[in-house]
Amino acid sequence: MGQDRGGGTRGGSRPRPRSRGCPFSGTSSCFAASSVTRPASTCGRATRSPWPGSQRRGCSPPGGAGGLVLQAWALRAAGMARRRVADQTLVFLMLTYIVYMSALVICGFGLWFGVFRGPDSFALTVVPALFGLTVIVVGLLCSAIPTDLQRRLDGYAQRSGRVGRIAQRLANGPAAVSAGIRGAWVHVRQGDPALLGSIAYWAFNIMVLWAAFHAFGGAPPGAVLVLGYFVGMLGNLLPLPGGIGGVDGGMIGAFAAYGVDIGTATVAVLVYRAFAFWLPTIPGAIAYFQLRHTVQRWRDERRQQRAAELAAATA
């Protein structure tokens with residue numbers, strides 16, 4: 001491990017709280033989730049789904065597939081076309097995680113070259129930065145894949161039988177990713193103000209963690225805080241419900257590796273998880289059951305509308 005040039009809190013003293021609570025709440029993730037894509041929908045129904053979806057995101061491995069499924073279900077129930085739901089979901093993911101990978105690159109190389117205070121170990125700085133850079137490059141390469149790749153394989157599928165049909169189905173994945181990346185780039189190129197929601201989602205979560213560190217002994221330098229947070233978040237990829245254990249242990253281990261006192265890191269991370277993950281599940285669960293009731297009303301309204309149209313057509 002490299003030497004800490006400025007900064008994590010060290011020492012064996014027991015952490016003592018300096019304040020009674022954190023001034024920031026993890027509920028800010030709801031705002032970010034709803035503001036990034038703003039999917040269009042008649043009657044404004046689509047705006048009702050991000051809250052429960054954002055609270056369930058992370059409840060199924062890997063990386064929160066459960067929240068995405070719930071959000072897609074709500075948008076489909078609101079009347080949005082299946083392809084549009086898929087496209088908007090992928091655009092949302094691309095815009096959200098480009099901030100993640102960019103932070104790894106900026107903070108990792110910044111620590112390595114001494115731009116930011118903190119450890120300059122190759123494994124703790126350059127490796128995460130290279131990981132983020134690789135993901136960005138692969139994403140840019142995927143954007144070159146034709147978005148209609150599945151249609152272009154029609155002839156091959158007809159000539160090759162079952163193998164061709166399987167290849168055509170598999171081609172839908174890369175084509176969808178390409179469409180998502182291109183859609184995200186359109187938002188960036190147009191300078192959509194709602195893109196700030198992507199930054200706000202991560203920034204407010206990190207501020208909750210900063211407040212937790214500050215309450216129990218002092219926060220590490222900014223770059224260390226950001227890099228430790230994002231490296232620890234890779235624990236979401238472990239097949240654990242809600243990342244429970246994976247994210248907590250990943251963050252604590254990451255901060256310990258960056259020279260932060262493990263006692264302070266443990267308390268701060270657990271407090272962060274309580275505020276940013278567990279606390280929002282209460283209003284999120286209430287919103288989920290309200291959404292189920294609302295979805296049923298939408299279905300009843302569409303059923304009545306179809307019946308009225310059928311009656312008018314037969315009259």
Side-chain angles (χ1 to χ4, degrees), residues 17 19-39 41 43-80 85 88-89 92-93 95-97 99-100 194 196-215 229 232-233 235-236 240-248 251 267-299:
S19 62
R20 293 183 179 273
C22 299
F24 306 104
S25 171
T27 55
S28 59
S29 62
C30 170
F31 159 75
S34 62
S35 65
V36 171
T37 55
R38 296 182 308 176
S41 174
C43 303
R45 292 173 175 173
T47 60
R48 303 186 185 186
S49 64
W51 178 270
S54 66
Q55 301 319 313
R56 287 185 61 86
R57 191 170 295 115
C59 293
S60 297
L68 295 177
V69 171
L70 175 61
Q71 184 165 297
W73 166 77
L75 294 175
R76 285 285 296 135
M80 187 177 289
V85 171
Q88 292 295 325
T89 300
F92 167 74
L93 287 175
L95 291 174
T96 301
Y97 284 93
V99 177
Y100 190 145
L196 294 176
S198 179
I199 300 175
Y201 173 76
W202 297 114
F204 289 148
N205 271 276
I206 293 174
M207 281 193 284
V208 175
L209 181 59
W210 171 86
F213 267 113
H214 188 72
Y229 172 85
M233 283 295 292
N236 248 333
L240 300 170
I244 298 174
V247 173
D248 307 68
M251 282 192 185
V267 176
V269 169
L270 293 179
V271 169
Y272 157 75
R273 292 284 283 173
F275 273 86
F277 180 80
W278 292 109
L279 184 61
T281 59
I282 300 173
I286 297 173
Y288 169 70
F289 288 110
Q290 290 178 336
L291 180 62
R292 286 177 60 90
H293 177 75
T294 304
V295 166
Q296 185 58 47
R297 189 179 74 249
W298 291 342
R299 290 172 176 169

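All residue numbers refer to positions in the sequence shown, counting from 1. Atoms considered below: every heavy atom in the structure, side chains included; atoms not considered: hydrogens, waters and symmetry mates.
Closest non-hydrogen pair, A268 versus A212, comes out as O-CB, 3.4 Å. What you find for D248 and V269 is that their closest heavy atoms are O-CG1, 3.9 Å. The heavy-atom pair separating T96 from W202 by the smallest distance is O-NE1, 2.8 Å.
In this structure, CG in L291 is found 13.5 Å from CD1 in I286, a value given to the nearest 0.5 Å. With rounding to the nearest 0.5 angstrom, the OH atom of Y97 is 10.0 Å from the OG atom of S198. Annotation: the span from I199 atom CD1 to F204 atom CZ amounts to 11.0 Å, rounded to 0.5 Å. Atom CD of Q296 and atom CZ of R292 lie 9.0 Å apart (nearest 0.5 Å). Rounding to the nearest 0.5 angstrom, the gap separating the CH2 atom in W210 from the OH atom in Y272 is 15.5 Å. Rounded to the nearest 0.5 angstrom, N205 CG and R273 CZ are separated by 10.0 Å.
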